[in-house]
Peer 1: 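To start, I am sharing the structure in question, which I have written as structure tokens.
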Amino acid sequence: MNIETARDKLIVALDLPSVADARAMVATLGDAASFYKIGMELTYAGGLPLARELVASGKKVFLDLKLHDIPNTVARATAQVAELGAAFLTIHAYPQTMKAARSALGGSPMQLLAVTVLTSYDEADLVAAGYAFGVKEMVARRAAQARDAGVHGIVLSPEELAAMRALLGPDMLLVTPGVRPAGADLGDQKRVMTPGRAIAAGANHLVVGRPITQATDPRASVIAIVEEIAGAA
Ligand code: C5P
């Protein structure tokens, strides 16, 4: 794979405390990175104008907002995010929510990613929340519902890549966090995969935060990950 294609597969998670810090990180990475994830924390700290700014400068933006509400509200919020120029938006994988978000896209090129079951949930948490299925069943059920609702992809952990690619077929986008270059600090990630292995296992995009943002040389870290992705496929 060429370097430009590989670069677009790496999504840098801008998990930083302020827009000023995020803007400084984007400047440090320069043309080495092309795709950024802005999550809830930065969004509520003024991250939406930064998203517009990144789009205007030619970067792609993944807004990790995990929308879930009544269909009318989800549809109207989705339309607003599409208008910002985001490339990806996350929504929770409830059928009503997914259908509402999908219906609001119109001609927008924005793609929807469903969050099936939050990875902080185990079997006991699902029972406590009133669900009748275990984690594995719930993930598979919701992933199939996402595909059937016309949602473009799902967010998943690296260890689920092979099973989900087999279940969902070649067209769904599989986007995975929990990626660590060999030898990197794991942080709080428990089940990790290297960038090369995650791509080889079927991931379309990798979300990487701290191994880049906490590195002594963030740009060098991005370049090494992109080279590993390019070499993997
Ligand atoms: O710093 P690190 O590379 O672990 O960041 C991973 C990013 O992916 C963070 O923004 C985190 O919130 C997100 N994420 C995750 N695990 C999930 C879902 C999202 O690490 N199950």
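Note that the numbering runs from 1 along the sequence shown for the chain. Whatever order the structure lists them in is the order used to number ligands and atoms, beginning at 1.
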Peer 1: What ring pair (Phe, Tyr, Trp, His ring centres under 6.0 Å) pairs are there with at least one residue in residues 155-177, not counting sequence neighbours?
Peer 2: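 Residue pairs passing ring pair (Phe, Tyr, Trp, His ring centres under 6.0 Å), neighbours aside: none found.
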Peer 1: Can you run down the side-chain hydrogen bond (donor to acceptor under 3.5 Å, both in side chains) pairs that involve residues 215-233, sequence neighbours left out, and say none if there aren't any?
Peer 2: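 Every pair satisfying side-chain hydrogen bond (donor to acceptor under 3.5 Å, both in side chains) with a residue in residues 215-233: D31-R219.
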Peer 1: For T97 and H92, test the side chains for any donor-to-acceptor distance below 3.5 angstrom and give the result as yes or no.
Peer 2: no
Peer 1: Check whether the ring centres of F62 and H205 lie less than 6.0 Å apart, and answer yes or no.
Peer 2: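 No, they do not, as the ring centres are separated by 6.0 Å or more.
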Peer 1: Near ligand 1, which residues have a heavy atom under 4.0 Å away from one of its atoms?
Peer 2: A13, D15, K37, T119, P177, R180, Q189, V207, V208, G209, R210, P211
Peer 1: What residues form a salt bridge (Lys or Arg N to Asp or Glu O under 4.0 Å) with D188, not counting sequence neighbours?
Peer 2: R210
Peer 1: Can you tell me if R180 uses its side chain to pair, donor with acceptor, with the backbone of V192 under 3.5 Å?
Peer 2: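 No, because the side chain of R180 does not come within donor-acceptor range (under 3.5 Å) of the backbone of V192.
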